[in-house]
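Notes follow the structure.
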Amino acid sequence: MAAARVSYDKKIYDEAEENYKKALQNRPKSQEALFGLAETYFSMEKYENAVTTCERILEENSENEKAAILEAKSLISGGKYSKSINILSKVEQTDEVKHMILDAKGKYTLKYFKVVFPKNIDVCAPPGLHLSVLQENEKAVAYTSKGTKYAHGEVTYLGPISEDGELFPAVQDGVWCYVDKDGSRKLVPDKEYEFLGPFSSGFAVAKRDGVFGFIDMSFNEHSFGLENAYNFVGDTAIIKENGVIKIVDKEFSIVKETDYTGVVADEYGYTNHLGISVFIKNDLYYLCDSSGESIGGFSADYIGLPAEANSDNKKSGGFLVEYKSEDKFGFVNSKNGKIVIKPKYDDAKAFSQGLAPIKVGEKWGFIDEKGTEIVTPTFNFATTVSKRGSAWIKNEAGYALLTFYYLSE
């Protein structure tokens, strides 16, 4: 053992490896010899061997934090980030450990695309279909979160995929219609519409002659003449009629008439994300459930919609939601309306996968749910992180798909 340590200190790693192995022949479960061998493998950049050796130590003593940290270091050095973060989250949170976690979370790749302006539609896409819509040569194209072309064709607009996972609202040759995954026309209306939304709960929002209503898949019209209409989520949808926000059922009967005059919708017409809605009255935004009931009495100059559950808030059932107060953005818990991250950013977007894009000055970066910077603000543009761990960014080289290693493994 002593000879092995001397060889290691002198950085004669081949000799140290041999000596530690000899020591283990006599005492196969020696924690000291195993740890010395793991350190030697790490120094030799034999990271898989180091991980295996650390696992042998932890099988005998699961409380050995030195071995756990060395295993995590070996995993990070070997490009395996997700498991390393899981290991590090269970040991004492020293400054070294916190730095290692941040380092692992901040690793990403960039894949560049020649596109005009990417839109991330994960927020309202059905489960399992996580797509982004891009403009390529004046044509709309959908990509998976791994950058593979998914739906394309001679379309100039492509909306979010419908609830059935088959149809996209699209504009083709100047006509609103529905296309399939290959961009082929599947449903074409006889009438000329100014807008068509995705099918949800059997209905889609439509606009014709300046007014809104709903259509079914046979293009039968329902409740037309509305000031505005938003996608069904489950059995209800929100409409705006005579300046008042109302909630209707699938028979288009009024379930509730609110005292709000507006509602926050994402760019595809969804007003209900994970049971959370944001209503507007007298230029104030109110955090509410989908029925319009206030959550914690919280209001602000602006409140966004959540993207998905965040890891730190799943137990409590809350989601982090961006809000604006006095021209700065922060985050509030959607379950109780309590402020989690005070407003200090120049702009912010929804949390997803435990990360949110934030803007400082003119640059975008990413923070975690505690407000810690994971990626320093250096980008000119950034979207919400997809469920597969990707986000669109823009830098001096153009648009790229940024993928966090630990989320994509």
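In what follows, residues are counted from 1 in the order of the sequence shown.
For the side-chain hydrogen bond (donor to acceptor under 3.5 Å, both in side chains) test, residues two or more places apart in sequence or in another chain that qualify with Asp289 are Ser291. For Phe379, the ring-ring contact (aromatic ring centres under 6.0 Å, His included) test picks out no residue, with sequence neighbours left out. The side-chain contact (heavy atoms from CB on, under 4.5 Å) search around Ala104 returns Ile76, Tyr81, Ser84, Ile85, not counting sequence neighbours. In this view, Lys338 and Asn336 satisfy the side-chain contact (heavy atoms from CB on, under 4.5 Å) rule, not counting sequence neighbours. Applying the side-chain hydrogen bond (donor to acceptor under 3.5 Å, both in side chains) criterion to Tyr405, with sequence neighbours excluded, gives no partner residue. Lys90 is linked by a side-chain contact (heavy atoms from CB on, under 4.5 Å) to Asn86, counting only residues two or more places apart in sequence or in another chain. Taking Phe404 as the reference, Phe366 meet the ring-ring contact (aromatic ring centres under 6.0 Å, His included) condition, with sequence neighbours excluded. Residues meeting the side-chain contact (heavy atoms from CB on, under 4.5 Å) test with Glu92, sequence neighbours left out: Glu65, Thr94.
Here Tyr8 and Tyr13 bring their ring centres to under 6.0 angstrom of each other. Taking the six-membered ring for Trp, Phe212 and Tyr230 have ring centres at least 6.0 Å apart. Aromatic ring centroids of Tyr345 and Phe329 lie 6.0 Å or more apart. Checked against the 6.0 Å centroid criterion, the rings of Phe331 and Phe351 qualify as a close aromatic pair.
Remark: the backbone N or O of Ala300 is not paired with any side-chain donor or acceptor of Ser325 at under 3.5 angstrom. Between the Glu60 side chain and the Gln31 main chain, no donor and acceptor come within less than 3.5 Å of each other.
Residues in residues 71-88 take part in these salt bridge (charged side-chain N to carboxylate O under 4.0 Å, His left out) pairs, two or more places apart or across chains: Glu55-Lys83, Glu71-Lys83, Lys73-Glu96. Sorted by first and then second residue, the salt bridge (charged side-chain N to carboxylate O under 4.0 Å, His left out) pairs involving residues 341-351 (not counting sequence neighbours) are Lys328-Asp346. For residues 38-62, the ring pair (Phe, Tyr, Trp, His ring centres under 6.0 Å) pairs, not counting sequence neighbours, are Phe42-Tyr47.
A cation-pi contact links Arg208 to Phe224, judged by a cut-off of 6.0 Å to the six-membered ring centre and 45° from its axis. Figure legend: cation-pi geometry between Lys250 and Phe203 absent, as NZ or CZ is not positioned both under 6.0 Å from the six-membered ring centre and within 45° of its axis.
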Could you go through residues 231-241 and list every donor-acceptor pair under 3.5 Å that involves a side-chain atom there, pairing it with any protein atom two or more places apart or in another chain?
| unit_1 | atom_1 | unit_2 | atom_2 | d |
| --- | --- | --- | --- | --- |
| Asn231 | ND2 | Tyr268 | O | 2.8 |
| Asn231 | ND2 | Gly269 | O | 3.3 |
| Lys240 | NZ | Thr261 | O | 2.9 |
| Glu241 | OE1 | Lys246 | NZ | 2.9 |

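Within a 6.0 Å radius of NZ in Lys66, other residues, nucleotides and ligands contribute 12 heavy atoms or fewer. Within 6.0 Å of CD in Glu373 there are more than 12 heavy atoms belonging to other residues, nucleotides or ligands. Other residues, nucleotides and ligands place no more than 12 heavy atoms under 6.0 Å from the NZ atom of Lys29.
Under 3.5 Å, the side chains of Glu362 and Asn380 contain no donor-acceptor pair of N or O atoms.
The line from OH of Tyr108 to OG1 of Thr403 is 11.5 Å long, rounded to the nearest 0.5 Å.
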